[in-house]
Protein chains: 2
Amino acid sequence: MLTSKEKIIIAALNQFSRKGLFATRIQDIATEAGISQGLLYRYYKSKNEIYVDLIEDALDKMNEAVEGIASLNCGGREKLLNSIEGMYKTIEESDRYRQTSSLIAQAMGSEAIPQEAKDALKNKRDLPYQMFSKIIVQGQKEGTIIEGDSYDLAVLFWSTLNGLTIFRNTRDEKRPLPDKRFIANIFLKEKI
Amino acid sequence: MLTSKEKIIIAALNQFSRKGLFATRIQDIATEAGISQGLLYRYYKSKNEIYVDLIEDALDKMNEAVEGIASLNCGGREKLLNSIEGMYKTIEESDRYRQTSSLIAQAMGSEAIPQEAKDALKNKRDLPYQMFSKIIVQGQKEGTIIEGDSYDLAVLFWSTLNGLTIFRNTRDEKRPLPDKRFIANIFLKEKI
DNA sequence: GTCTATATCCAGATAGAC
DNA sequence: GTCTATCTGGATATAGAC
């Protein structure tokens, strides 16, 4: 059985991810959580507070996942392939990831979000690029990944996966994503 | 000298692209346009009406640009390179494109936008994929573009460019985008 | 802990003067 | 055409009963 607070979190994530902070009413969250509007204020001081909590949590989860892959004890090429594999699985199967990625995408695209949410984004959004840049450098040293500025390649990697995530999130028909090898071959010296 | 209506359009596009439909107040638009709130209603019946106008216009502009490239009288390989060149120029230089792409990205990510805006999106968002798919097929027949499902490759192409556009739009420091050749080589048989 | 009722505020939209 | 003043509705947040 879920506590009221847990029900609020789950409902708020779903509502915010679908409609954004400003189009979501407190009433929407309360209704989906199956509680009254008043009760919500036992657990949170304001709508913004829920939102900031969710944004911080989403960014932390994202960074933990990336750190998990980067800290594997294997070659850069394997880390790359592993990242693509993991991201594809997550994008295609996880409803929770659809929600958190939509939440972050919307937050990044709006200047009107609360200052605390902006701060969290600013502090936490760069880690994936840095981690992946290190993976690229490792692979370049090992001779398995193409030459080029490692941060540029990291930007390209995440931009491509973000773009595919958004494409997937915004279509009803769940068409399979393009073959993983197309992504891998952007970076690999020896194509697969 | 701009008419009041033109000033409203320009201000609304800027406000909506930065804050989204729901966080933007009529007052924000009127202030930026340098007119009173009341005057705005001489030209538009509601905030939603301005928004729907802008969305439809943004989608039309996007599709016109794509059709322009696809109808060039040249090989598929050249159309591909031309598309990348054109998109890079637009992403890096055009403030207007930053606004329209943000507007569309936000609209795609929210279920709360007006029905007319949803309809416009649904009807007009697929054309770029279809056009690019044809370019891919042409290049495959000519032997210049790699094998694979042409619509999948079109999805990959636009997802990558959308991802890069969003990356660019959400960073203050205007770091140059990754080398165009990385994108081209995803699709070209003979790498450059 | 939970609900209902309500106070307060603010944004969208309208009316009417100039 | 343009502005100021106002109406109205709805959403956030609070108060108070159970």
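Note on naming: letters A, B, ... go to the chains in the order of the sequence lines (proteins, then strands), and numbering restarts at 1 for each one.
- Of the possible polar contacts, one joining the A:Lys79 side chain to the A:Ala70 backbone as a donor-acceptor pair under 3.5 Å is found.
- Going from atom CG of B:Leu2 over to atom C1' of D:dG1 covers 16 Å, rounded to whole Å.
- For B:Arg125 and B:Asp119, the salt-bridge test fails: no basic side-chain N is under 4.0 Å from an acidic carboxylate O.
- Using a 4.0 Å heavy-atom cutoff across all strands shown, A:Thr3 reaches no nucleic acid atom at all.
- When the options B:Trp158, B:Phe132, B:Tyr129 are evaluated for a side-chain contact (heavy atoms from CB on, under 4.5 Å) with B:Val66, the one that passes is B:Trp158.
- Counting only heavy atoms from C-beta on, B:Leu39 has its side chain closest to D:dT2 among C:dC3, D:dT2, C:dG12.
- Rounded to whole Å, the distance from CD on A:Glu49 to C1' on D:dT14 is 16 Å.
- Take the nearest nucleotide of DNA chain D for A:Lys45 and for B:Gly34: the residue whose nucleotide is more 5' is B:Gly34.
- In the set C:dA13, C:dT4, D:dA13, the nucleotide with an atom closest to the side chain of A:Ser36 is C:dT4.
- Each of B:Arg42 and B:Asn48 was assigned the nucleotide of DNA chain C with the nearest heavy atom; the assignment lying further toward the 5' end belongs to B:Asn48.
- A pairwise comparison of heavy atoms in A:Ala12 and A:Ile50 identifies CB-CG2, 3.6 Å as the closest pair.
- Checking the phosphate oxygens (OP1, OP2) of D:dA11, a side-chain nitrogen or oxygen of A:Arg25 falls inside 4.0 Å.
- To the nearest angstrom, C1' of C:dC3 lies 12 Å from CD of A:Gln27.
- Between B:Ser4 and D:dT2, a side-chain N or O to OP1/OP2 separation shorter than 4.0 Å is present.
- For C:dG1, one of the phosphate oxygens OP1 or OP2 lies less than 4.0 angstrom from a side-chain nitrogen or oxygen of A:Tyr43.
- Look at CD1 on A:Ile26: it is 17 Å from C1' on C:dT4, rounded to the nearest Å.
- One can place CD of B:Gln37 at 10 Å from P of C:dA13, the figure rounded to the nearest angstrom.
- We find that OH of A:Tyr44 is positioned 16 Å from P of D:dT14, with the value rounded to whole Å.
- Rounded to an integer number of Å, the gap from B:Leu40 CG to D:dT4 C1' is 15 Å.
- To the nearest angstrom, P of D:dT2 lies 13 Å from NZ of B:Lys5.
- Residue A:Tyr41 places at least one side-chain N or O closer than 4.0 Å to OP1 or OP2 of D:dA13.
- Annotation: cation-pi geometry not satisfied between B:Lys61 and B:Tyr97 (NZ/CZ under 6.0 angstrom from ring centroid, within 45° of ring axis).
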